[in-house]
Amino acid sequence: MRYFILFLLALSFAPFGTSAEAQSAYTQAQIDAAEKCGDGRDLEEGAELLCTCKAKGFDRFIWGTGPYSGHSDVCTAARHAGVITKEDGGAVVAIGRPGQKRYEEGEANGIKGRSWLSFRTSFDVASPSGASAVAAADLPNCGAFAPNDAPYQCNCPADAATGSVWGSGPYTGDSNICGAARHAGVVSAAGGGITVTLEPGQTAYQGSDANGIATRDWGSYDQSFMVRPIQAEAPASADVALCSSLKTDAASYDCACPAGQGNGGSVWGSGPFTGDSDICSAARHSGAVGEDGGVITITLEPGQAKYEGSKANGVTTSGWGSYEQSFMPAKAVAADPCSVLPSGATNHSCSCAAGSGGGQVWGSGPYTADSDICTAALHAGAIGAGGGMVSILVVPGLQSYAGSAANGAQTSDWDAFDSSIVFNRN
């Protein structure tokens with residue numbers, strides 16, 4: 001009977017690149033304010049990340065065909081899954097999935113997902129338009145997986161029979177849905193509504209024990225599914241974005257590490273850290289944050305020929321050889337908003353808000369000392385559109401200043417001025 005079901009499911013096998021469906025519906029304002037995407041390594045299971053991908057962006061590495069390994073590039077995964085096109089870009093939602101013991105290779109939409117072994121986190125990609133919540137009482141009870149109807153919602157009754165389940169997410173297409181939902185922690189013995197999504201078949205499924213449910217190993221199967229809650233909370237707005245992958249469009253910037261985060265990600269070095277290290281774990285190691293989390297300032301550093309691992313503050317880091325980019329985390333210190341250089345100052349630190357950069361600037365670095373600081377910092381590449389901390393040094397004036405266009409800011413020419421400013425990036 002099992003092989004007969006397998007044959008039927010093979011008839012409806014989904015191609016590589018099948019995308020998930022976002023659990024939350026996002027407003028246009030949220031979509032417009034979304035930050036650029038990085039990778040999905042910090043996404044916890046069931047969590048959602050709304051972010052945006054620019055048109056004609058670079059294709060970077062991805063591993064798997066959905067779900068993708070957590071260190072895959074979200075935008076490239078979204079193009080692979082067909083959620084966006086390379087020509088148009090657009091907003092996407094990355095949805096956290098359990099880590100997989102193997103990620104299979106596969107090509108879709110001109111992009112190849114590479115094979116990889118175990119990784120601690122995974123993610124799917126979806127459009128920002130999500131399904132609205134439906135009360136479990138209004139849903140049909142979950143039966144056998146219906147791939148032609150996926151994604152769909154159904155109800156697991158209280159103390160529903162859990163049946164046989166193969167895999168640890170995704171699960172084989174003939175697994176008991178409510179048993180998989182219990183195993184995944186989406187519902188408890190009290191039951192509840194769930195969303196079931198179609199996923200590509202896998203060459204191997206690893207069983208495990210979780211939430212009182214033991215699942216089994218299996219070999220190749222042509223159809224899979226995933227289970228998740230019907231509705232998840234929309235991302236909370238905050239003054240400071242959560243730390244994700246390293247931003248390289250500013251010399252320094254602030255980001256937030258949530259409480260309890262920062263002792264499980266991979267980190268290489270002991271300060272500075274490699275650019276692909278988990279930021280919050282590096283911050284815990286350096287003492288910039290503790291278990292309660294907090295806002296940190298990230299400063300970009302040159303790449304190093306070698307990184308030494310060590311143990312500090314409950315976090316163990318690893319050694320590495322050469323890497324082209326480094327960073328240092330530090331506890332964020334509140335700074336006054338930037339305007340113009342204070343009279344008589346020889347150096348100055350201040351903070352530029354997101355979207356700063358509309359003031360008058362003369363020169364292309366050094367800049368006249370009466371230039372608008374944030375616009376000059378944007379022009380110099382000391383900050384990006386998201387703003388951040390800047391450190392200013394006062395240097396001698398020049399006989400002339402040449403204007404130019406850089407990083408979205410236009411500066412002007414000027415004649416002699418008695419003092420200049422530059423930005424300290426050390």
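Between the side chain of T411 and the main chain of G363, a donor-acceptor pair closer than 3.5 Å is present. Although no hydrogens or angles enter the test, the distance criterion places no donor-acceptor pair under 3.5 Å between the side chain of T121 and the main chain of L43. Between the Q100 side chain and the P98 main chain, a donor and an acceptor come within less than 3.5 Å of each other. Y68 places no side-chain N or O within donor-acceptor distance of the main-chain N or O of D124, the cut-off being under 3.5 Å. Distance alone, capped at 3.5 Å, places no donor-acceptor pair between the S175 side chain and the Y171 backbone. Using modelled atom types, no side-chain atom of E44 and backbone atom of D42 make a donor-acceptor pair closer than 3.5 Å. For T215 (side chain) and G167 (main-chain N/O), a donor-acceptor pair under 3.5 Å exists by modelled atom type. S281 contributes no side-chain N or O that, together with a main-chain N or O of D278, makes up a donor-acceptor pair within less than 3.5 Å. D217 places a side-chain N or O within donor-acceptor distance of the main-chain N or O of G207, the cut-off being under 3.5 Å. Looking only at distances, a side-chain donor or acceptor of S277 sits under 3.5 Å from a matching main-chain atom of W268.
Residues Y307 and S326 have side chains that bring a donor and an acceptor to within less than 3.5 angstrom of each other. Side chains of S391 and H348: a donor-acceptor N/O pair is absent below 3.5 angstrom, by distance only. For the 3.5 Å distance criterion, the side chains of T197 and E199 qualify, holding a donor opposite an acceptor. There is no side-chain donor-acceptor pair under 3.5 Å between Q206 and S168.
Under the 2.5 Å cut-off for SG-SG separation, C350 and C338 qualify: their sulfur atoms lie closer than that. A disulfide is assigned to C374 and C352, since their SG atoms are nearer than 2.5 Å. Pairing of C37 with C75 by a disulfide is not supported, the SG atoms lying 2.5 Å or further apart.
Using a 4.5 Å heavy-atom cutoff, the side chains of L198 and Q223 are in contact. Side-chain contact check for Q304 versus P272: some heavy-atom pair is nearer than 4.5 Å. With contacts defined as side-chain heavy-atom distances shorter than 4.5 Å, the pair I296/I279 qualifies. Contact annotation: the side chain of I62 approaches that of H80 to within less than 4.5 Å [non-hydrogen atoms, C-beta and beyond].
Rounding to the nearest 0.5 angstrom, the gap separating the OG atom in S404 from the CD atom in Q410 is 7.0 Å. Here the straight-line distance linking atom CD1 of I298 with atom OH of Y253 works out to 5.0 Å at 0.5 Å rounding. Once rounded to the nearest 0.5 Å, the distance linking CZ of R97 with OG of S69 reads 15.0 Å. Rounded to the nearest 0.5 Å, atoms CG (D222) and OG1 (T203) are 11.0 Å apart. A distance of 6.0 Å separates CD1 in I111 from OG1 in T76, rounded to the nearest 0.5 Å. Atom CZ of F145 is separated from atom CG of N148 by 9.0 Å, given to the nearest 0.5 angstrom.
Evaluated for a side chain to side chain contact (heavy atoms under 4.5 Å, CB included) with S72, the options Y103, F123, W116, F119 yield exactly one hit, F123.
Partners of D372 by salt bridge (Lys or Arg N to Asp or Glu O under 4.0 Å), not counting sequence neighbours: none found.
Using a 4.0 Å cut-off between charged side-chain N and carboxylate O, E107 and R114 make no salt bridge.
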| said: Show, in sequence, the C-alpha distance, side-chain angles and deciding distance for S245 and D39, and conclude whether the side-chain hydrogen bond (donor to acceptor under 3.5 Å, both in side chains) test is met. | reply: CA-CA 6 Å; S245 56; D39 60 37; 4.7 Å; no
| said: Between C255 and C243, is the disulfide bond (SG atoms under 2.5 Å apart) condition met? List the steps. | reply: CA-CA 5 Å; C255 62; C243 300; 2.0 Å; yes
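Taking the six-membered ring where the residue is Trp, the centroids of H71 and F61 are separated by 6.0 Å or more.
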